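Remarks on the structure that follows.
A quick note: this is a predicted structure, and the numbers were derived from the prediction, not measured.
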Amino acid sequence: MDEVAAEAKVSRATVSRVLSDSAGVQEETRRRVLGAINRLGYVPNLMAQSLATRSSPVVGLLLRNPRKPVYGLLHGEVQDRADEVGLELITVVPSSSPGVRNERRALHKLLGLRVGGLLIATGVSRTEDLAQFLGVVPVVAVGRPECHDEIHGISYDEPAHGRMIAEAVLAHGHRRVCVIAPAESVSVSESQRAEAMITTLAEAGARPERLPVVRSAPRDGCVEAVELVRRREVSCVCLPSDERALAFLAAAERAGLVVPHDVSVTGVDGITAGLDLVGLATIRLPVATVAEQAVRLMAEQVHGAGAPVEHHAHRGTFLPGRSLAAPPQHAEP
C-alpha cells in the first residue's frame, strides 16, 4: 500500500479508502490510485484485512466432489449468489477418496485461512465436527440434512423425494421393486431417499428388495440388481441418484435387458445434461433455491445483521420419463 500511495502521490489512508470504496474521495484521485494499483499489480490481502477489522467477508465453502453434476451446479449457484451479496468465496474440495477424515482435513484448511463463515455442502461431515466451531464462525449446511439448533440448514427434502419416487412406481403398478440403499457413511442424502422409498413401498403393500451398498462407486449393487431382474424377482429398480441410475442402465444394456420393456428404472437429481435423451424418470433437485437461501443467511451473519437459526427442506419436481412404465406382462401382480 505504501508503494501504491507513493506511485499515486497520495496518502496510505487515501489508498485504503479507495480500496474500501469509501465516500469522500475525489474521482480524479480515485482514478490515480486505481491506475497505480494496476501498474504495480497490487492485490489486497483479504486475510490481513479480516484480522485487522475482526470480521471478514471471506466465506469458505466445503464442497463434495464437483465432478458430480449436482455439486458442480451447486458450486456455480453459490458463487453467483455470493457475488451478489458481497461475499468472497473460497472453495475447498476434499480428496476424491470418500470419508469423514478427508472432509475434516479440508474443513481445517478453510478455518486455517481465517474465513468469516462456513458453508458446508458435503454428504458425510458429522454435525459434531461442525458444532465445535460455532463459537468461531457461523455455519450454514447447504443441500444436506441438518437439525442442530445452532447450525442453519438449507437442504433438499430427501424423505419427500423418496416418497415421490415410490408413489410414482406404485402408480405404474409395480409391486416387486429393488431399491439400492447406500449407508449413511456413503451419503446421508442418498440413504434418506432410499429409506423413504422402502418405507413407502412397504406401507403400500409392495415388496421392496433392499440392496445395501457401502461404497460411493455408482456401479455398486448394479450387478446384483440386474440378476434380480433376470430372475424376474423385481420389475423395477429405484436408485437414489441419477449417477447410480445411469450406471445401472449401462449394466442392464450389457446384460441384454431392455428398459422399460424388461425393467423400469428411476433416479434422483435431475441435473445431468442429456437426461431428457435418456428418458430417465427422476426428481429434479431445487439447487438454485437452496443456494440462494443459504448464501442469504450467511451474508446476514457475516455482515452483522444476525439471524435466528433456520432449517428449511425444499422439495424438488418429479420428472416423468420413459424409463418408468407398467411392469412386464410376465411380472406377478
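- Taking a 6.0 Å sphere around CZ of Arg296, one finds it holds more than 12 heavy atoms contributed by other residues, nucleotides or ligands.
- Remark: Leu201 CG to Cys238 SG distance equals 6.0 Å, nearest 0.5 Å.
- Checking Pro218, Ser216, Pro69 one by one against Glu243, the side chain to side chain contact (heavy atoms under 4.5 Å, CB included) holds for a single residue, Pro218.
- Remark: Arg244 engages Glu190 in a salt bridge, criterion side-chain N to carboxylate O under 4.0 Å.
- Residues satisfying the side chain to side chain contact (heavy atoms under 4.5 Å, CB included) criterion with Gln26, sequence neighbours excluded, are Thr29.
- When all heavy atoms are compared, the tightest approach of Val92 to Ala106 is CG1-CB, 3.6 Å.
- Atom CD of Glu184 and atom OG of Ser189 lie 10.0 Å apart (nearest 0.5 Å).
- Of all heavy-atom pairs spanning Cys178 and Leu211, the tightest one is SG-CD1, 3.5 Å.
- In the displayed structure, Arg230 atom CZ is contacted under 6.0 Å by at most 12 heavy atoms of other residues, nucleotides or ligands.
- Side-chain contact between Val177 and Met197 is absent, with no heavy-atom pair separated by less than 4.5 Å.
- From Arg284, atom CZ reaches atom OH of Tyr156 across 13.0 Å, with rounding to the nearest 0.5 Å.
- Salt bridge Glu209/Arg176: absent, no basic N to carboxylate O contact under 4.0 Å.
- Taking the side chain as every heavy atom from C-beta outward, Val237 and Val263 approach each other to under 4.5 Å.
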Leu110/Thr91 under side-chain contact (heavy atoms from CB on, under 4.5 Å): CA gap, chis, key distance, verdict: CA-CA 8 Å; Leu110 279 173; Thr91 302; over 6 Å; no
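- With contacts defined as side-chain heavy-atom distances shorter than 4.5 Å, the pair Val142/Ile154 does not qualify.
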Distance-only donor-acceptor hits, side chain of residues 161-174, under 3.5 Å, sequence neighbours excluded:
| residue | atom | partner | partner atom | Å |
| --- | --- | --- | --- | --- |
| His161 | ND1 | Asp157 | O | 3.3 |
| His161 | ND1 | Glu158 | OE1 | 3.0 |
| His161 | NE2 | Gly316 | N | 2.8 |
| His172 | ND1 | Ala168 | O | 2.9 |
| His174 | ND1 | Ser235 | OG | 2.7 |
| His174 | NE2 | Ser264 | OG | 3.3 |
| His174 | NE2 | Ala325 | O | 2.6 |

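- Residues Met1 and Ile37 fall within the same hydrophobic cluster, defined by Ile, Leu, Val, Met, Phe, Trp and Tyr side chains chained together at heavy-atom separations under 4.5 Å.
- Taking both residues in full, the closest heavy atoms of Leu61 and His75 are given as CD2-CD2, 3.7 Å, listed atom of the first, atom of the second, then distance.
- Of all heavy-atom pairs between Val265 and Leu249, the closest is CG2-CD2, 3.9 Å.
- In plain terms, the two heavy atoms of Pro66 and Val93 that are nearest each other are CD-CG1, 3.5 Å.
- Comment: Glu195 engages Arg210 in a salt bridge, judged by a side-chain N to carboxylate O separation of less than 4.0 angstrom.
- In terms of heavy-atom proximity, Leu74 sits nearest to Ala121 at CD2-CB, 3.7 Å.
- Counting heavy atoms from C-beta on, the side chains of Thr266 and Thr282 never come closer than 4.5 Å.
- Ile271 and Leu319 fall into different hydrophobic clusters, defined by Ile, Leu, Val, Met, Phe, Trp and Tyr side-chain heavy atoms under 4.5 Å apart, directly or through other members.
- Among residues two or more places apart in sequence or in another chain, the side chain to side chain contact (heavy atoms under 4.5 Å, CB included) test is passed with Glu77 by Leu73, Arg81, Val287, Ala288, Ala291.
- Remark: side-chain polar atoms of Asp242 are paired, donor with acceptor, to backbone N or O of Gly270 under 3.5 angstrom.
- With a 4.5 Å cut-off on side-chain heavy atoms, Val139 and Ile120 count as touching.
- Remark: the backbone N or O of Val85 is paired with a side-chain donor or acceptor of His303 at under 3.5 angstrom.
- Within the model, atoms CG of Leu275 and OG1 of Thr272 stand 5.0 Å from one another, a figure rounded to the nearest 0.5 Å.
- Heavy atoms from other residues, nucleotides or ligands lying under 6.0 Å from CD of Glu227 number more than 12.
- Side-chain contact between Arg315 and Pro286 is absent, with no heavy atoms from C-beta onward closer than 4.5 Å.
- Here the side chains of Thr122 and Arg144 are in contact, with some heavy-atom distance below 4.5 Å.
- Rounded to the nearest 0.5 angstrom, Lys109 NZ and Leu113 CG are separated by 8.5 Å.
- Classification of Glu7 and Arg39 as a salt-bridged pair holds, one side-chain N sitting under 4.0 Å from a carboxylate O.
- Residues Leu111 and Ile151 share a hydrophobic cluster, clusters being chains of Ile/Leu/Val/Met/Phe/Trp/Tyr side chains in contact below 4.5 Å.
- Once rounded to the nearest 0.5 Å, the distance linking CD of Glu233 with CZ of Arg207 reads 9.5 Å.
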Val10/Val15 under side-chain contact (heavy atoms from CB on, under 4.5 Å): CA gap, chis, key distance, verdict: CA-CA 7 Å; Val10 298; Val15 175; 3.9 Å; yes
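- Annotation: side chain of Leu118 is not in contact with side chain of Val59 (no heavy-atom distance under 4.5 Å).
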side-chain contact (heavy atoms from CB on, under 4.5 Å) assessment of His311 paired with His152: CA-CA 6 Å; His311 295 117; His152 292 275; 6.0 Å; no
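- Between the side chains of His314 and Ser155, not a single donor N or O lies within less than 3.5 Å of an accepting N or O.
- With no hydrogens or angles considered, no side-chain donor-acceptor pair links Ser241 and Asp269 at under 3.5 Å.
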